[in-house]
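One structure is given here, and the rest of the page talks about it.
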Amino acid sequence: MADLSVKIGSLELKNPVMTASGTFGYGKEFEDFINLEELGGIIVKGTTLNHREGNAYPRMVETPSGMLNCVGLQNKGVDYFCNHIYPEIKDINTNIIVNVSGSTVEDYVATAERINELEKIPAIELNISCPNVKSGGMAFGVTNEGASEVVKAVRKVYKKTLIVKLSPNVTDIAGIAKAVEASGADSVSLINTLMGMVIDIEKQEPMLSINTGGLSGPAIRPVAVRMVWQVAKSVKIPVVGLGGIMNAHDAIEFFMAGASAIEIGTANFIDPAVTIKVKKGINDWLDSHGCKSILDIVGSLKDN
Amino acid sequence: MKKYILDLKVVENSSPHPRYCLLKLTHNSELPEMLPGQFAEIRIDGSKNTFLRRPISINYVDYERNEVWFLVAKVGEGTKTLAEIQSGRTVNVILPLGNGFTPLSSPKQKILLVGGGVGIAPLLYYGKCLNDLGAKPTFLLGAKRACDLLELDYFHELGTVYTTTEDGSMGEKGFVTQHSILNQIRFDRISACGPKPMMVSVARFAKTAGIECEVSLENKMACGVGACLCCVENTTEGHKCVCKDGPVFNINDLLWQI
């Protein structure tokens, strides 16, 4: 049995397997299928200052080895989260991490301040990479200046572990990661979805209500592994890797590329118990390769 | 209700119609309780362009034989692959999902179950459960042609059956909402499943007549458990997930233009 524990800033994970925001609800949706306490962390649905209805239906279209979505951060707002959802999930014995999003810097700050008050939330994942909202979201994550501005502002009010979720829809993701690191982030997670589009050729219309959506699933995995590899070489803070992980093999690619922990997203839709299988598979691989700790393979890649 | 991920074994996979397959599955231990109107997310193996599971209504549950049936319309590559699975193979299924039809307040209530096309699927099990409670449902089933009306023998065992076909080859000619039975019997409740224009039309009739009405929706979905928020329907309380808050909705809760 290898040691699977890792640290992300001051956040201690019993194992490096977390769930990606927007794919796992608030955890409770999956409690019939797995023991939630076996997870390293649960990153809950994107939370904004105010209630958001999200985008109109249709919001999803299946693609080769993946799917596009344009949900648009539907959630009931941070007060509802604090008053109604937090009490239901706070005693689950794992790290409950809140994904925080907003339209303005002030929104992000106000939401992060509220979450900072919650004793059993040890970290937030700052979402500067949602491609499905008109203002804010990804707009902050595609320039060094925008990313720095929002991270600096949130850092001032948020005292616990601050993970910043990066967008792949940029020219130089390592540059953004460095800007985020310099602005006080404890960690970066990547990648959020890649913007994509599918067309109904009979109707000559896009398949999604807002025309474009975010691509997720194994279709994006090689892009994600490449970006994790580039970012991990460029920053000193720990990197959380995600993007199309379906099994332990996929997860191990991310560790070798430099990720200290991983998130599983779209795979939860095909197998709601996949997270636990990935955790076990990582352990089995480490055991069979004589590794005592997951740290033995973090960034172990020998570049050509 | 607790949800399960099960590897079910194919007992029989028949093709009662060129566009449909009837998949009968069993399990090596007792199948969980399922309510009429609930559905399953079926994993499609061996179809290279199918990534997500397919949500399919529970057509029937035979607890004596320990079988669950799915009547599947062969719409795309995923459902066509499902239609080709041989007996003895296993199919990975998550069930039961969603909320079923609302129970009757009394078995004496007169209930009409309206189905169109493959939308008849959940009504068979619903009819069976109503029978078990001592209620006798009336079925109104519509299709394009007589040969498109499926499982009629089973429906006849459970209640009175009326049919409409667009070409007049069986029952009354036209759409379900044009059937004369709607003017002859005053029903207490109507439950409908079928193409959206049919359900809107049924909802309009029910609303005008002041009859309680439920419809079963089939918005495109990914997770099936209320996590991804993709399959939302506009309701009086905002966006609701068809998978978790439905698939059955009271028409008064929907924002349909009726």
Side-chain angles (χ1 to χ4, degrees), chain A residues 19-34 42 44-46 51-76 132 207-209 213 215-219 244 246 265-274 276-277, chain B residues 1-7 32-33 40-45 47-55 75-79 92-98 196 217-246 254-256:
Chain A
T19 59
S21 178
T23 67
F24 207 68
Y26 295 97
K28 289 276 185 187
E29 291 84 347
F30 288 79
E31 66 186 353
D32 284 348
F33 307 117
I34 61 166
I42 297 172
V44 303
K45 176 70 189 161
H51 171 104
R52 283 182 63 96
E53 268 303 300
N55 294 317
Y57 178 86
R59 293 175 167 188
M60 189 279 293
V61 59
E62 187 179 41
T63 61
S65 294
M67 57 180 273
L68 282 176
N69 89 82
C70 65
V71 171
L73 296 173
Q74 178 181 324
N75 79 102
K76 292 187 172 170
N132 297 322
M207 295 282 274
L208 294 174
S209 66
L215 181 64
S216 64
M246 300 298 285
T266 304
N268 290 303
F269 304 158
I270 290 103
D271 180 1
V274 67
I276 302 307
K277 292 175 190 168
Chain B
M1 283 173 79
K2 186 170 161 62
K3 308 172 194 77
Y4 298 84
I5 309 172
L6 301 173
D7 278 322
E33 187 195 359
E41 280 269 37
I42 302 184
R43 197 179 71 202
I44 313 289
D45 298 335
S47 165
K48 67 179 176 164
N49 292 310
T50 308
F51 178 62
L52 297 167
R53 288 173 181 262
R54 291 294 181 265
V75 179
E77 187 179 317
T79 43
N92 187 272
V93 172
I94 305 173
L95 57 71
L97 299 173
K196 177 125 183 228
L217 308 188
E218 53 166 10
N219 294 7
K220 265 192 190 173
M221 60 181 69
C223 72
V225 298
C228 69
L229 312 184
C230 289
C231 62
V232 291
E233 180 72 19
N234 266 325
T235 74
T236 52
E237 293 173 45
H239 281 140
K240 291 247 180 191
C241 285
V242 167
C243 68
K244 189 183 180 189
D245 304 309
L254 300 175
L255 301 184
W256 288 1

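So that the names make sense, note that chain A is the first sequence line, chain B the second, and so on, each numbered from 1.
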Go through the steps for B:Phe51 and A:Ile270 under the test side chain to side chain contact (heavy atoms under 4.5 Å, CB included), then give the verdict.
CA-CA 8 Å; B:Phe51 178 62; A:Ile270 290 103; 3.5 Å; yes
Nearest heavy-atom approach of A:Met60 to B:Ala222 is CE-N, 3.9 Å
Residue, of A:Phe269, A:Phe30, A:Phe24, that accumulates the most heavy atom pairs under 4.5 Å with chain B
A:Phe269
Pairwise side-chain contact, B:Lys3 with A:Phe33, heavy-atom cut-off 4.5 Å (strictly under):
yes
Taking C-beta and beyond as the side chain, do A:Pro272 and B:Ile94 meet within less than 4.5 Å on heavy atoms?
yes
Between B:Asn49, B:Leu52, B:Val225, the one whose heavy-atom pairs under 4.5 Å with chain A are most numerous
B:Leu52
Hey, which of B:Arg54, B:Glu233, B:Met221 has the most heavy atom pairs under 4.5 Å with chain A?
B:Arg54
Would you mind checking which part of A:Asn268 comes under 4.5 Å of any heavy atom in chain B, side chain (CB onward), backbone (N, CA, C, O), both or neither?
neither
B:Lys244, part contacting chain A, at a heavy-atom distance under 4.5 Å
side chain
Student check: side-chain heavy atoms of B:Thr50 and A:Glu62 closer than 4.5 Å:
yes
Can you see which heavy atom on A:Gly25 is nearest to which on B:Ala227, and at what distance?
N-CB, 3.7 Å
The reported gap from CZ in B:Arg53 to CG in A:Asp271 (rounded to nearest 0.5 angstrom) is 6.5 Å
If you compare all heavy atoms of B:Cys230 against all heavy atoms of A:Arg59, which two are closest, and at what distance to 0.1 Å?
O-CB, 3.7 Å
Non-hydrogen atoms of chain A under 4.5 Å away: do they reach the side chain of B:Asn219, the backbone, both or neither?
both
Donor-acceptor pair, distance only, cut-off 3.5 Å: does the side chain of A:Tyr57 make one with the backbone of B:Asn234?
no
A:Lys45 versus chain B, heavy atoms under 4.5 Å apart: side chain, backbone, both or neither?
side chain
Are the side chains of B:Cys223 and A:Glu29 in touch, meaning some heavy atoms are under 4.5 Å apart?
no
A:Thr266, part contacting chain B, at a heavy-atom distance under 4.5 Å:
side chain
Residue A:Tyr26 versus chain B: region with a heavy atom under 4.5 Å
neither
So for A:Ala219, is it side chain, backbone, both, or neither that comes closer than 4.5 Å to the heavy atoms of chain B?
neither
Test your reading of the model: is there a side-chain donor-acceptor pair from A:Gln74 to the backbone of B:Leu229, 3.5 Å cut-off?
no
Check this for me: B:Lys48, atom NZ, are more than 12 non-hydrogen atoms of other residues, nucleotides or ligands nearer than 6.0 Å?
no
